[in-house]
Every structure is written in C-alpha cells, then in structure tokens.
Amino acid sequence: MRFAVIQFPGSNCDWDLYYAVTEGLKETALFVDYRATSFTADAVLIPGGFSYGDYLRSGAIARVAPVMQAVKDFAASGKPVLGICNGFQILTEAGLLPGALRVNRDQAFICQNQALTVANATTRFTNQYQANETIHLPIAHGEGNYYCSPEQLATLKANGQIVFTYQDNPNGSIADIAGITNEAGNVLGMMPHPERASDSLLGNTDGLRLLMSLCGKEVQPA
Amino acid sequence: MMTELAPEAIKTTQHYLNWGLTEDEYQRIQTLIGRLPNFTETGLFAAMWSEHCAYKNSKPLLKQFPTTGPRILQGPGEGAGIIDIGDHQAVVFKAESHNHPTAVEPYQGAATGVGGIIRDIFSMGARPIAMLDSLHFGELNQAHTKYLLNETIAGIGGYGNCIGIPTVGGELTFDPVFEANPVMNAMCVGLLDNTQQQKGAAAGADNLIYYVGAKTGRDGIQGAIFASAEFNDAEETNRSAVQVGDPFAEKQLMEACLVLIKEHPEMLVGIQDMGAAGLVSSSAEMGAKAGYGMILDLDQVPQREKGMIPYELMLSESQERMLLCIHQGYGAAVEQLFADYGLDAVQIGHVTDAKQYVLYHHGAVVADVPIRSLVQDAPVYHRPSRQPERLKHQTAQYQPLVDDPAKTLCALLQQTSIASKADVYRQYDSQVQTNTVVTPGSDAGVLRIRGTHKSLAVTTDANPRYLYLDPKQGGMIAVCEAARNVVAAGGEPLGITDCLNFGSPEDPEIFYELKEATAGMAQACEALGTPVISGNVSLYNESNGEAIFPTPMVGMVGLIAQNEWITTQRFKNAGDLIYTIGTTAGDFNGSELQKMQQGRISGSLFKFDLATELANQQVVQQLIRAGIVQSAHDLAEGGLAVGLAESCFDGEIGCQVSVGLPTSWLFAETQSRFIVSVPANQKAAAEAIIGETGQLIGKVGGTALEIETSGTQFSLPVTTAKQLWKGALACQLK
C-alpha cells in the first residue's frame, strides 16, 4: 500500500510518519510537496507540526496550499485521509471535517502520554482495536481543544464519527473528543500521534495498529 | 536615528567607553590600524573585542581544558564540537547562554537562545536531534520570578516545538542570587554524517559571500556588548537589545542549509551562523580563519528597516540568518535553492587575498581594517584573583536535626529544586522525530540513532551551591554529576560542552571563582576522559553589585553502544534487590537539607574524590553491561531518601530498605553514589561486580517507602509522597 505524506512548510512530523509506514508497517511512503497538484497513492497522511509557523491560525494557511485541492478530490473519491495534530487542524480548516481546534484549556502546550478510549472500533482506521479498548498515544499540542456546535456534536454522535476520546481530558475538548471522522468515514482527524507509538524501542506500539487497520494487516502477537 | 561621530569626535568625547572599549583598547586599535578608527570601525572592534566574542578575560583559563582525544573530530573554535561515534557518524553539540536577554524579555530571550544554538549545530552540517536547557532562577515567592520563569518556559517550548526538535532534558534550580540575573542556557545536539562536516571558513579569492535567511533589522544591536556588562538599575534603558525569534523561518533555513550541505557540496566553501555580533563576527571570523580578507557591500544586505547605518547593519543580531561562502559560478543555483524555501539569498561580497576587511556603503568605504585585528588581536587579560573570605577557613559539616524522617522527606520532596519538573517539561515536545527512548524525568534523556543499535544519553548539570562553597571541587562535581547521569542511563561519557556563567571577572574574588571552577572542571574532564569540545562564557552576571553563584553548566553526551543497555531510574519489579554504590557520610554543607533548615547554605563543602567517582561509575557501567540491572539512579540533591523516592514514583511501587546509618544521613549529599536494582536471582553476579564499592540495602516491592536506619524506622505511602512531589512546583508557578 502506498501512503502519501503531505509536506507543508513547517511540517515536522513528516519523517516520523514516513518511518512509521516504512519501518513499522513495512509499506511504501512517498512525500508530496505542498505545491503539487496531483499524486498517486492509496492513502493520504497529513502530518503534525507547525505548517506556516501556525501564523494567522493553525492550519489556516495550509488549507489554501495548492495540494489541498488534490487532497479534497482524493477524499471525495472515498479513499482514506488521516490528519494528525496539525493535520487535524488543517482538515477542519479545509472543511473536510466539522468543528475547530482551539487553544488548550490551560493555555499551555501539552506533551504527554495520554490514555484514550477507542469509541468506534469499526472504522477503516480502527478495526484492529477492540470496542472501547483503552490505548495510550502521545499528545503534543497547544491547540487541541476540539469544539463544534451542539447540532454538529449530535450528528457526530449519531453517526459514530467520534473515534477516539480522552479518558482524562487534557485540553478541554468538547465531549472529550480526541479524533473524529467525516460522515463518510474515510477522513480521520486526531490530535494524538499514532506515529509516535509505532516502534517497540520507544515503548509503545498502540499507534501502529491504526496504520495496520488501514491496510488490513493483522495485529502481530505481542 | 543614530548619528555617526567623526573619528576625532569619538576620541575627544571618549564615545568608545560607552561601547565597552577601555582606554587601552582604544589605543591598541589605533596602533593596529595606524590611524583613528571611524565610527563604524570603532563599533566593529567594540563587538569583536567584547568578552562574548573574544573571551579576552577567560581565554587563559579555557586553555586548561582538555580538548582532544581519539574520538574528537572538532574541538572548540567552530560553531560546535564534533565527536566520532562510529558507523561514519558523529555527534555534534554545543551550549550557549542567553542570560541577559532572558532577564529583560524572557520569552524572546529564551526563544532566541534556543534558535541561536540550533543554528550553530546545523552550520556544522548536522541535523539537530535534541535540545536541553539549564535554568537557574530566583525563588518562586517573587511575582516577577514567576513571570520570568513562565515566559522562559513558554519561549523554549515556543521555539523548539515549532521547529520540531525534541527537548529531552535539562535542569531547573532556585536560589535568591538568581533573582535579577536568571541563568538560561540552551544546548543542542546534532547527528552528523562524517562526510558532511562543515567549517565556518571563507577561503579562495573571488569566492562569493552570501547572506541567507531573514532580513536585518535594528533588533539586538550591541547584544554581545550588552552581554558583557553588568546590570544597574540606574541604566535600565540599556536593557533594550533583545532579538525576536521566528522558529518557522529557522525551520525553513535549517532545511535549506542541510539540503545545500548534503546535496550540493560542490557549491559550498563554508557556512556560519550570524549569532552574537551578527554580520561582523560571522564574516570576519570566516575570513580570518581561512587566512583571507573580504569585501562586503552593505547596500546588498536584505533590510527590513529604512535608513540603517553601517554600524547597525553590522551589529544587528536579527535572528535566523546565516553567512555562506560559495564557489564562484554557483550564485544563481544557491539563490534558487533558498528561494524554494521562501528565503532570501543575496550575494553581499567576495573573498580577497588582501587580508583586509573592507565594507562599502552607498559606494563609499566605511571600514578598512586588517581582518586579523578584529578576530585575533583582541587583548587577553590575566585578571588578578583573590580568595574570597568565605573560602579561607575550613568549617565542620552542618549537622541537621532530623527527628521525624518521614516529615523531612516529604518537606524535601516539595522543595522547588527537588520537586517534579513535569509541569515544566510537559510544555516541551520531547518526542518529535520519534527517537526519544527515555523522555524527561530520568537521569538523562536517551535518543536512539536510527539504523543502528546505539543510542545517545544527554544531560545538563550544575550545582551552583556546591560551587559557591568550593569553586574547584564544585567544578569537578558538575562534570562528574553529568557523567553519573550518563552512566546511570547506560552510557559511556564522550565529552562535554559548557556555559561558564559567572559575575564580573574584574572583581578579583569572582575571577578566583572562575579560575578555580575551570581548574576543577579540567581535572575532572581529564580523569573521566571527557574533553571539552565547545562552550560559551557568560560573565558580568551581576545586578547592582551582587553576583550569581558560580554556575558552570556542563552539558554531556554519552554513547550507549547497545540499546539493551538503556537504563532508567524507575524501580520495575517487586522482589528486585536494591544496592547502593558508593559510601555515605555526614555531608551536609551546601545540601538541600541545609538550605531548607537554615534558609541558606554555608560552610566548607564536603570532601570529594575523583578516583572514587571513577571507580563507582565503572561498577555501574559493568553492572549494566552484564545485563543484570533493572534500574539505576544517581544520588544527588536530598540524598539517598530522595533518590529512593524518585525511583519509586514512576512505577508507583514501594521499597523496603535498611541502612545502618544515622537517620539524618538519609539526606546527606555525599557524591559518587548510585542506587541500582537487580533481580534476586542475579544476586551473586551483581555482588561479584560490586565487591566492596556498595552494599545491599533492601528490595523493591509493596506500596510504601519503608526505611530503617540505625536510629529509627518509618513508612511513607508512595502515592502520598508522589502527590506532594508532583504538586509542589505546579502550585508555586501559578
């Protein structure tokens, strides 16, 4: 399976995703420049970081980068798009996911290992997890406080679009939301970093199962 | 706008004194150039001859440091030092102080400190892989200190998080002497492919001098001069020279420079960061180092403010700028490469055979001086030194009264210098680049080297209190404690970088501290086989005549040759046996307990022995390499009881320990000690290695710290102790 990793100026988790795909998952990854207008891939990964320095607003400038039209077309075709951290922020700014990410409740950047509940284990991103399973993924963000309108929240809940929730809400997100999909279920945005939990040397492989879900690989026995 | 005085007016008004040049230095300049220096030239000399650039007060002392060794590829004198780690790779590291800017504008002061040291690392051709810091602040009962610290933390995170370099370690201590002069030192570690090692040299007549990166403004003008003077309330207005950082611009600059270095070696002659003293120091150093001269046309310098005069252009410390020397014929290609990253790359001059440093502005020559006069001819001062009164008489060790050790332990765990720093380092991205095997909170940060079975252990250490009581032994201890942290993490110490943070060298008692501390550091570096490969000197850390404690920060990198040796301080399994390595004595002068009970430290520092230190470190290394160690932790502030508690916290597991020592000695700060835990079935193997250097004191297990001494016994639930330790700093930072 071929994963396109989109690189914006200021992306800084691009190589981490590249290694998670090539060394953790043993699949193919290629970088796609923000100026590209087309690419060939089976899945798109939008990495974390500080695209355009987070100037104006996280993700606000990246959403108008040339490559985003190709990402939108890719998503419309039903293929999987995963945005992590700044990638999630870009997806909400681009209108591919509802809601917005605001400054953390305590106004400070938070980097820590975070307990999450897999709220929907039936998506193409999460089929290697058990329903309501507790997993741990690192978070590292200053603006991860998810917000959406009560109507949007009701829709997210009704459609099973809430995929990950925080067990001890670190940032003030509404309904403890850590990750959501679009209505079609092929676009996932999440603040936690699965690519940082994809290598046993770093002590955690909970995130690798997300990538495995995407390409239908079986969970390796621990 | 600044008016440019005529050469004669500079002389008659003694304007050079305002820029930190002495009367003798001004005379020396006249002798070197054979005439009166003009306004621009006087400014160039003032910057280049400042302590920050020329080390004129510290040079004789820095010569004591061992700087070579079989692995050392580059010692002091370049952007950063380089140590070979095998597999055609090398580790590159350096630390830098940003104390003065941090005192004035803490967010930007700290952020640009981080930005500056990162440029030093990638200018060597290395990719930065880790950041560390060393912070010493006033007590948190002062509102202004809280503000300074919170902003400093935000600035470190704001820069490092954005650029995508993990902050994996550091230290934070508190004492009133740092109230007006906080210490903010940042260290960066990079990984280098040996074939891509760079130098900051501009060689070859007619090769091109390129300016790349952000535009030049009036920010940070005279920063180097400013960093070489004391603070004084009466001259508060002088505190304006702080730069503003843009981590996004630096990320782009770093990627562009690394592409140039890696993919286009045929284009590049040399590369250097425009750090302290900006354009003048980078260009003059690059030319002088290569033995060439240079002509620069200042009209070509990208500017973001109007009407800047040559003095301002040359001394601006605007951030995110680099100077390149490019082979003739590659100018257009370099411009294209940087344009791809949205950055300016502009030819501002060329290399000459003439060995003169010549600046043009609006078509006229505004400076023309021998290039070596700026870089190599600064005076070197052998300052007088005098032993301070407090160090003249030997005093006995403070004997604390500890009638309720559980209560004492709880109180110590809540002292700001010991309390958990999680609320600080949580604000730093410690995992980006996905190499961080051991995140902040253990003895050293550990980073794996991708594609190998090796890792690096990194740490920063200084205990200013010990240095205040005994600069020489304190200097030794600073190096040894760093090594202890590296060893406890499973590493072999490779070398150090340092930031020498002291008061004014013109005060003989301060110079004595500097002289003794560096002598102690040099001895320890020799004994441990860890050369000094880079560093920085920050003097004049004084406010209204009061100096900080002598604070030589030591940044150390160690090699963990096999990833199986990576060790953390956390107790892992119930039933594991706990050993102390090293012996404990009643050593309390300068200790956290003395500070807590008496409100201040005093007396003669306890004894310290380098041979014992080395022997004990070797025992821990052997134990780890034998594969029988579950946890290892060096004993530092707060002694054995605090060390045991720290090993219990992460896994929330208890221990039962019995030591035949006086109760108060649980908190003694005798050096060269570790605690290690090993599985019970490895008892014989462990004791064969430990021999007489340590002893079995108990085992891991249960939910409480159960400790017995020769006088008493107590039990403290781990969760209770952990809560106190965890919450203490958070509550004081608010």
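Below, chain A is the first sequence line, B the second, and so on; all start at residue 1.
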Atom NZ of B:K251 and atom OH of A:Y52: how far apart are they, to the nearest 0.5 Å? 13.5 Å
Can you tell whether the side chains of B:K734 and A:D106 come within less than 4.0 Å, N to carboxylate O? no
What pair of heavy atoms forms the shortest contact from A:C111 to B:S430, and how long is it? SG-N, 3.5 Å
Could you pull out the closest heavy-atom pair between A:L202 and B:T434, with the gap in Å? CD1-O, 3.4 Å
Should we count CD of A:Q130 as having more than 12 external heavy atoms under 6.0 Å? no
Applying a strict 4.5 Å limit to non-hydrogen atoms, the region of B:D423 in contact with chain A is neither
More than 12 heavy atoms of other groups within 6.0 Å of B:K215 NZ: no
Report the distance from atom CD1 of A:I110 to atom CD of B:Q427, rounding to the nearest 0.5 Å. 9.0 Å
For atom NZ of B:K726, is the number of surrounding heavy atoms from other residues, nucleotides or ligands below 6.0 Å larger than 12? no
Heavy atoms, side chains only, cut-off 4.5 Å: are A:N12 and B:I163 in contact? no
So SG of B:C162 and OH of A:Y55: to nearest 0.5 Å the spacing works out to 6.0 Å
What part of A:D199 gets within 4.5 angstrom of chain B, counting heavy atoms only: side chain, backbone, both, or neither? side chain
Validation row: B:Q431, A:H193 side chains within 4.5 angstrom (heavy atoms): no
Toward chain A, the part of B:N150 with a non-hydrogen atom under 4.5 Å: neither
Chain B contact via A:S198 - which portion, at a heavy-atom distance below 4.5 Å: neither
Is B:D429 paired with A:R196 through a side-chain N to carboxylate O contact shorter than 4.0 Å? yes
Which atoms form the tightest heavy-atom contact between A:F50 and B:N161, and what is the distance? CE1-O, 3.2 Å
Can you tell me if A:Q112 has over 12 outside heavy atoms packed within less than 6.0 Å of its CD? yes
Engaged part of B:T436 at the chain A interface, taking heavy atoms whose separation is under 4.5 Å: backbone
Short side-chain to backbone donor-acceptor contact, A:D54 and B:F248, under 3.5 Å: no
Shortest non-hydrogen contact between A:L201 and B:N563, atoms and distance: CD2-ND2, 3.7 Å
